[in-house]
Amino acid sequence: MTELRKRGGGGGDPDSTENISDKEADGDDRLGLQCDTEGECDGDSKADTPDVPLSTADTDNTPQYLNKALAGLPPRWKNYWIRGVLSLAMISGFFLIIYMGPVALILIVMTVQIKCFQEIITIGYRVYHSYELPWFRTLSWYFLICVNYFFYGETVADYFGALVQREEPLQFLARYHRFISFALYLAGFCMFVLSLVKKHYRLQFYMFAWTHVTLLIVVTQSHLVIQNLFEGKIWFIVPISIVICNDIMAYLFGFFFGRTPLIKLSPKKTWEGFIGGYFATVVFGFILAHLLSQFQYFVCPVGFNSETNGFTVECEPSDIFVMQEYTLPAVLQNALSWKTVNMYPFQIHSIFLSSFGSLIGPFGGFFASGFKRAFKIKDFANTIPGHGGIMDRFDCQYLMATFTHVYIASFIRGPNPSKVLQQLLMLQPVQQLGIYHTLHSHLRERGMLPSAAAAQAE
Amino acid sequence: MTELRHRGAKDTDPTLQPSEDKGSDSELKVEKDGASDGESKVDTVPKVPVCADDTPVVLNKALSGLSSRWRNWWVRGILTLAMISFFFIIIYLGPMVLMMIVLCVQIKCFQEIITIGYNVYHSYHLPWFRTLSWYFLLCVNYFFYGETVTDYFFTLVQREEPLRILSKYHRFISFALYLTGFCMFVLSLVKKHYRLQFYMFGWTHVTLLIVVTQSHLIIHNLFEGMIWFIVPISCVICNDIMAYMFGFFFGRTPLIKLSPKKTWEGFIGGLFSTIVFGIMLSYVMAGWRYFVCPVEFNNDSNSFQVDCEPSELFQLQDYILPAMLQSFTGWTTVRLYPFQIHSIALSSFASIMGPFGGFFASGFKRAFKIKDFANTIPGHGGIMDRFDCQYLMATFVNVYIASFIRGPHPSRVILQLLALRIDQQLHIFNSLKAHLTEKGLLPVLEEAAA
């Protein structure tokens with residue numbers, strides 16, 4: 001029971017929690033020398049619940065003023081407060097950057113991505129004691145820049161089409177973008193090959209692979225987050241909030257009702273927390289979706305206005321953000337005595353997003369827990385006092401971002417019309433003619449093109 | 001000098017014998033740290049057998065009379081010719097067979113690299129891991145082949161109902177499949193083996209990234225026109241052979257510590273001869289529609305066809321020679337296919353960058369102390385040994401085509417068009433009409449007639 005309720009905080013079981021917190025507090029060594037058995041660190045990594053005041057080894061990083069302010073409290077409470085304060089700080093930060101607009105959001109995403117990359121690469125260096133490898137740090141960062149250049153270039157070319165067409169150097173870069181990115185990557189690849197040193201072949205290959213897997217995970221998904229953002233801020237806010245809410249709710253349910261362990265990898269997760277978190281998150285997502293769907297600021301795709309050179313979020317909200325009446329199934333009709341209910345279709349989508357965030361999202365957390373145990377580290381880094389590194393906070397978000405992106409691409413939107421037009425204009429005239437005729441007959445069939453209007457439309 | 005000329009062959013210098021034997025007969029994984037004896041067979045003659053064990057009995061009997069060095073040379077030579085003939089046969093057999101062959105090669109390369117990983121980490125007994133590796137291979141292949149099929153078999157897909165649904169939700173289905181594998185991996189984590197399991201997970205993904213994505217780029221190149229498949233592969237093979245020949249006859253200055261038998265003379269000689277070879281080969285092939293036309297799927301006959309009006313690239317044009325060459329050769333103009341000029345770029349890449357793929361593979365083999373990726377081809381090693389230089393080439397050709405040759409594929413554009421909302425379609429229709437009318441492709445009368 002103590003394991004399941006270990007997470008310090010509200011419950012009043014000082015003795016058992018004290019013991020465990022002492023054990024963990026002693027383990028200042030990030031490389032987990034406190035782990036006695038292969039791969040199993042004591043207690044649980046902080047990946048599981050974000051806002052739980054885990055009694056940590058982070059007292060080193062706690063800012064001075066917090067230390068002073070909380071000097072009076074016993075260590076368990078102090079950690080609880082630190083985590084709580086930092087959680088509130090992070091959530092406020094989240095609201096602030098949403099307010100500041102798309103550019104700030106993109107910059108924040110990029111910063112987070114760079115920090116996550118740095119954290120994971122640093123772990124790799126430590127694991128392989130490979131600080132002294134020639135060139136390797138340079139190469140890792142160089143590859144990060146290349147892949148970012150590739151992805152950001154594609155994004156910029158898509159969304160800032162008009163701006164790009166205007167400026168001559170940008171036009172050139174956009175046209176040969178893939179070639180330039182590939183050339184940059186190749187240069188890095190050749191540098192890697194030339195930097196191979198006889199004694200360190202294996203280490204160098206390991207670090208090469210480590211860098212690439214990290215890039216695959218961190219960079220591609222941060223770009224999916226940005227693509228979601230451009231679809232509409234609501235597609236950015238709701239998934240992230242769902243994951244955060246699930247963490248908090250699962251912790252609370254687990255704290256109050258937790259009995260049955262969920263998975264050996266994270267001994268403090270419980271089935272009660274899991275299921276409670278699931279239902280609570282679905283409800284939360286539902287309510288949040290309702291709240292946000294009303295505002296154009298959240299719902300409209302982010303567009304770039306070439307005249308004002310700024311981002312605009314004004315549009316006619318698409319169908320899913322328009323209130324509609326749904327007839328309740330007979331079962332619910334009897335239960336609630338309502339015949340119909342007014343909902344945004346987006347709220348139904350939010351149920352799917354919440355379900356994914358609660359059911360599959362935790363697997364991202366388990367993956368990170370397993371990773372930390374495998375490499376015997378307690379946290380990815382010490383960036384956030386009380387919470388660990390940035391990666392600790394974002395591990396569940398990654399799967400969610402990818403899922404949201406795939407969900408949007410499959411069920412919500414079609415392709416971007418301006419992009420399609422762009423591609424059309426790049427085809428050969430013969431092909432354009434062919435498509436013209438196909439489109440003509442298609443629209444004709446749909447009755448969009450009465451023959452009179454066709455002559456007029458000229 | 002003996003090192004530089006190690007590859008056995010013409011001269012019967014007895015001092016070569018020991019290194020020759022070491023190099024060819026030992027199919028065992030070499031234990032030396034960092035410097036395998038001789039050179040990995042990546043670099044030179046492309047289709048040479050490596051493992052005496054695997055040499056078929058028939059060859060053994062036929063060559064039993066020769067000394068072991070000559071025998072190995074013959075085995076390599078015969079296998080080389082066999083592989084080249086096989087290459088011609090599958091080209092003849094058509095696009096479908098080519099796709100199948102690419103798929104098989106990819107699976108075999110994947111298996112070779114994964115097996116190395118297993119050997120390195122002694123992780124055969126890891127629970128689930130083999131299943132998971134193959135499962136991920138299947139998922140990623142499903143994703144890529146699905147995208148390819150949707151692009152190129154567009155009308156076929158639209159016709160069949162189940163295919164249409166699969167293609168509409170393709171990304172979602174692929175992602176769901178991948179996620180299942182991911183969850184299985186997480187659930188299969190075993191306390192004692194965490195680190196190994198993560199290593200194998202990372203190994204699998206990097207292998208997938210290298211092997212699978214690039215085999216699909218090859219298939220994209222293939223659909224662009226078989227010439228885009230044949231010429232790059234031939235350039236790489238030619239470069240291997242020519243670099244070896246030049247190195248053999250003129251080699252003196254070592255090129256890179258990683259591969260002690262490469263020489264600058266071989267490198268430069270290979271570059272020039274590959275460029276010449278590329279120009280000649282393009283000239284020969286650009287005349288045939290079979291090679292030049294994009295591969296299309298014909299719905300009526302339910303088969304592939306390669307019939308089209310060759311694009312401008314493949315039509316002879318007159319080029320005025322620069323003054324220097326004019327006085328040199330006495331010609332004012334020369335007739336060339338524009339494609340031949342592109343082939344110079346392709347050959348240059350194959351000669352200059354392609355070997356880096358080979359160095360990468362050499363480094364990899366030294367890092368993990370193996371002699372060859374596998375024993376699949378007698379005398380040559382594994383499939384991966386033969387294809388390591390090809391991977392960079394395939395990516396380059398794909399990027400080259402996308403940047404300099406063609407625009408997007410029309411069927412994909414149609415797909416996207418039809419997925420838009422009606423008002424967006426109308427808007428695009430009007431823009432397109434305005435554009436085409438401007439260009440004079442749409443006579444004004446056509447509107448009334450249509």
Side-chain angles (χ1 to χ4, degrees), chain A residues 38-40 176 178-179 182 186 189-190 193 196 198-199 201-202 204-205 209-210 212-213 216 264-265 360 363 366-367 370-371 373-375 399 402-403 406-407 409-410 414-415 417 420-421 423-429 431-436 438-440 442-443 446 448 454-455 457-458, chain B residues 34-35 169 171-172 175 179 182-183 186 189 191-192 194-195 197-198 202-203 205-206 209 257-258 353 356 359-360 363-364 366-368 395-396 399-400 402-403 407-408 410 413-414 416-422 424-433 435-436 439 441-442 444 447-448 450:
Chain A
E38 166 86 31
E40 167 109 24
Y176 297 110
R178 287 200 178 184
F179 191 75
F182 183 62
L186 265 193
F189 182 82
C190 294
V193 172
L196 287 173
K198 188 160 140 181
K199 288 191 193 35
Y201 285 148
R202 196 184 281 217
Q204 289 181 294
F205 272 94
W210 189 288
H212 279 68
V213 175
L216 193 69
K264 272 205 287 277
L265 198 49
I360 309 286
F363 277 90
F366 299 151
F367 186 84
F371 181 83
R373 280 172 205 229
F375 295 101
L399 279 181
T402 315
F403 176 76
V406 172
Y407 189 85
S410 300
V420 177
L421 189 57
Q423 289 183 329
L424 255 184
L425 295 174
M426 269 166 52
L427 287 174
Q428 312 269 357
Q431 295 165 323
Q432 286 177 355
L433 259 180
I435 292 185
Y436 174 77
T438 315
L439 192 55
H440 188 108
H442 177 79
L443 287 174
R446 298 286 199 102
M448 295 293 291
E458 200 148 336
Chain B
Y169 298 111
R171 289 200 175 182
F172 190 76
F175 183 61
L179 265 192
F182 182 83
C183 294
V186 172
L189 287 174
K191 190 159 130 178
K192 288 192 190 31
Y194 285 148
R195 195 184 282 216
Q197 289 181 294
F198 272 94
W203 190 288
H205 279 69
V206 176
L209 192 68
K257 273 205 288 280
L258 196 52
M353 287 297 164
F356 275 91
F359 299 151
F360 187 86
F364 181 82
R366 280 170 204 226
F368 295 101
T395 316
F396 176 76
V399 171
Y400 190 85
S403 301
V413 180
I414 295 183
Q416 292 182 331
L417 259 181
L418 295 175
L420 288 172
R421 290 202 310 257
I422 280 286
Q424 292 168 325
Q425 288 178 4
L426 195 56
H427 174 72
I428 290 186
F429 176 74
N430 290 331
S431 310
L432 184 61
K433 187 165 29 156
H435 176 82
L436 286 174
K439 288 236 183 163
L441 288 166
L442 261 192
V444 171
E447 271 316 307

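Just so we're on the same page: letters track the sequence lines, and every chain starts at 1. No hydrogens, no waters, no symmetry mates; every other heavy atom, side chains included, goes into these values. In this text the structure is predicted, and so the values were computed from the model without any measurement.
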For B:Gly202 and A:Val213 the tightest heavy-atom approach is O-CG2, 4.0 Å
- Message: Quick check: do B:Phe356 and A:Leu186 have side-chain heavy atoms less than 4.5 Å from each other?
- Response: no
Honestly, the part of A:Phe363 sitting under 4.5 Å from a heavy atom of chain B is both
- Taking the six-membered ring for Trp, are B:Phe360 and A:Phe205 ring centroids under 6.0 Å apart? yes
On a heavy-atom basis, the closest approach of A:Cys190 and B:Met353 is SG-SD, 3.4 Å
When the 4.5 angstrom heavy-atom criterion is applied to A:Phe403 and chain B, the contacting part is both
Between the NE2 atom in A:His212 and the NE2 atom in B:His205, the distance rounded to the nearest 0.5 Å is 14.5 Å
Whatever's closer than 4.5 Å to a heavy atom in chain A on B:Phe182 counts as side chain
Query raised in the report: Taking the six-membered ring for Trp, are A:Phe179 and B:Tyr400 parallel (under 30°), tilted (30 to 60°) or perpendicular (over 60°)?
Result: perpendicular
All heavy atoms of A:Ala374 vs all of B:Arg195, minimum pair found to be O-NE, 3.1 Å
Looking only at heavy atoms, the pair that brings A:Gly370 and B:Leu189 closest together is CA-CD1, 4.2 Å
